[in-house]
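Worksheet: the structure to be examined is printed underneath.
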Amino acid sequence: MSPRIVAIDGPAAAGKGTLARRLAAHFGLPYLDTGLLYRAVGRRVLDAGADPADPGAAAAAARALRPADLERGDLRGPAADAAASAVASIPAVRAALLDFQRNFGRDHGAVLDGRDIGTVIFPDAPAKLYVTASVAERGRRRWAELVAKGVPADLATVTEEVRQRDAIDAARAAAPMRPADDAQLLDTTTLDADAAFARALELLAGRLPGRAE
Ligand code: DC
């Protein structure tokens, strides 16, 4: 494994994606949003008219996944969120996506964000963050994203959906969302994107060999 892996895990809308993208640019590493893999699998299952909770249909969709699927414009929103969470709890889906994630970072290093990067995909990563925020704040952020896109949304409903999805992601048997024992915690409830980035650099200082920080 490349020693230059940054693993970023945590619940929905905690600020992982924004932070991971900035860290990737800072360290000169490629970035993979692994949630997109599960979203794209969920979409394929929906396209096939099947149930995302059906292990056979979901595993077939995961094995058929192509890079172009990650470019689709319909991978966000409540239906895609729910389908992604459902397929993500199926062990055969996770197994089918494992090599892609490991290969992505193996040779040159990478920043990856998800739920199990520090626990399952790259347990030996030298740099691990677990990014969280209160459920109220994460609901508000997800709601604001939808409103900014012109999607009508109700704050209480969106917050409840975030809470339910986290509960499913944390309770599932297959690679449940949890901090790795050696992850550093970063709570972004009261931090904006700049402050979260600054704090992340402090937490990761000295952990990535091979390049000045
Ligand atoms: O990070 P996100 O909201 O795009 O993730 C979509 C779903 O996929 C979410 O329910 C958690 C799941 N997921 C996962 O189980 N493991 C990952 N590494 C990334 C996402």
Side-chain angles (χ1 to χ4, degrees), residues 5-21 23-24 31-46 52-53 55 58-59 61-62 65 69-105 110-123 125 128-133 135 137-139 141-146 149 151 153 158-180 183 186 188:
I5 296 285
V6 182
I8 302 191
D9 292 305
K16 299 186 301 289
T18 306
L19 176 63
R21 228 172 252 114
L23 289 171
Y31 164 58
L32 181 64
D33 170 359
T34 66
L36 278 186
L37 302 173
Y38 296 91
R39 290 172 177 276
V41 172
R43 265 292 162 208
R44 268 190 169 261
V45 178
L46 294 175
L65 198 68
D69 291 324
L70 306 182
E71 312 293 330
R72 293 177 60 150
D74 57 357
L75 298 180
R76 310 251 169 220
D81 290 352
S85 191
V87 300
S89 69
I90 297 170
V93 169
R94 306 198 73 86
L97 301 179
L98 189 73
D99 285 349
F100 180 87
Q101 295 171 83
R102 288 197 176 143
N103 289 339
F104 186 86
V111 179
L112 299 94
D113 78 39
R115 303 293 188 289
D116 63 341
I117 309 303
T119 51
V120 174
I121 307 297
F122 286 111
K128 298 182 185 179
L129 292 177
Y130 193 81
V131 184
T132 72
V135 71
E137 174 59 15
R138 292 186 295 108
R141 289 178 192 167
R142 185 48 52 88
W143 170 81
E145 274 169 26
L146 291 169
K149 278 196 246 166
V151 180
V158 171
T159 304
E160 180 55 20
E161 283 167 359
V162 165
R163 198 194 58 71
Q164 282 179 10
R165 196 148 63 89
D166 290 346
I168 293 170
D169 292 338
R172 68 181 179 221
M177 169 176 78
R178 68 169 180 83
L186 173 53
T188 67

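No hydrogens, no waters, no symmetry mates; every other heavy atom, side chains included, goes into these values. Model, not experiment: these values are computed from the prediction. First listed ligand is number 1; within each ligand, the first listed atom is number 1.
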Sidechain N-carboxylate O distance under 4.0 Å for [X], [Y]:
X	Y	result
R39	D81	yes
R43	D74	yes
D166	R142	no

Closest to atom 6 (C) of ligand 1 (judged by heavy-atom distance), picking from Q101, R142, R165 = R165
Looking only at heavy atoms of R172, does any of them come nearer than 4.0 Å to an atom of ligand 1?
-> yes
With a cut-off of 4.0 Å, which atoms of ligand 1 are near a heavy atom of [X]?
X	answer
R94	14 (C), 15 (O), 16 (N), 17 (C)
A84	6 (C), 7 (C)
S85	10 (O)
A88	12 (C), 15 (O)

Report yes if some N/O of Y38 lies less than 3.5 Å from some N/O of ligand 1; otherwise report no.
-> no
Using distance alone, determine whether T34 and ligand 1 share an N or O pair under 3.5 Å.
->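 Right, the criterion is met.
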Which protein non-hydrogen atom lies closest to [atom], naming both residue and atom, and how far is it?
atom	answer
atom 1 (O) of ligand 1	R115 NH1, 2.8 Å
atom 3 (O) of ligand 1	R39 NH2, 3.0 Å
atom 10 (O) of ligand 1	D169 OD2, 3.0 Å

Regarding T188 and R141, is there a side-chain donor-to-acceptor distance under 3.5 Å anywhere?
-> yes
Taking the side chain as every heavy atom from C-beta outward, state whether R94 and Q101 have any pair of such atoms under 4.5 Å apart.
->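 When only atoms from C-beta onward are counted, Q101 and R94 do not touch, as no gap falls below 4.5 Å.
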Under 3.5 Å, side chain of D9 to main-chain N/O of I117, donor-acceptor pair present?
->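 Answer holds: yes.
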side-chain contact (heavy atoms from CB on, under 4.5 Å) between R178 and D116, worked out | CA-CA 7 Å; R178 68 169 180 83; D116 63 341; over 6 Å; no
Residues I5, L112; criterion side-chain contact (heavy atoms from CB on, under 4.5 Å); working and verdict = CA-CA 8 Å; I5 296 285; L112 299 94; 4.3 Å; yes
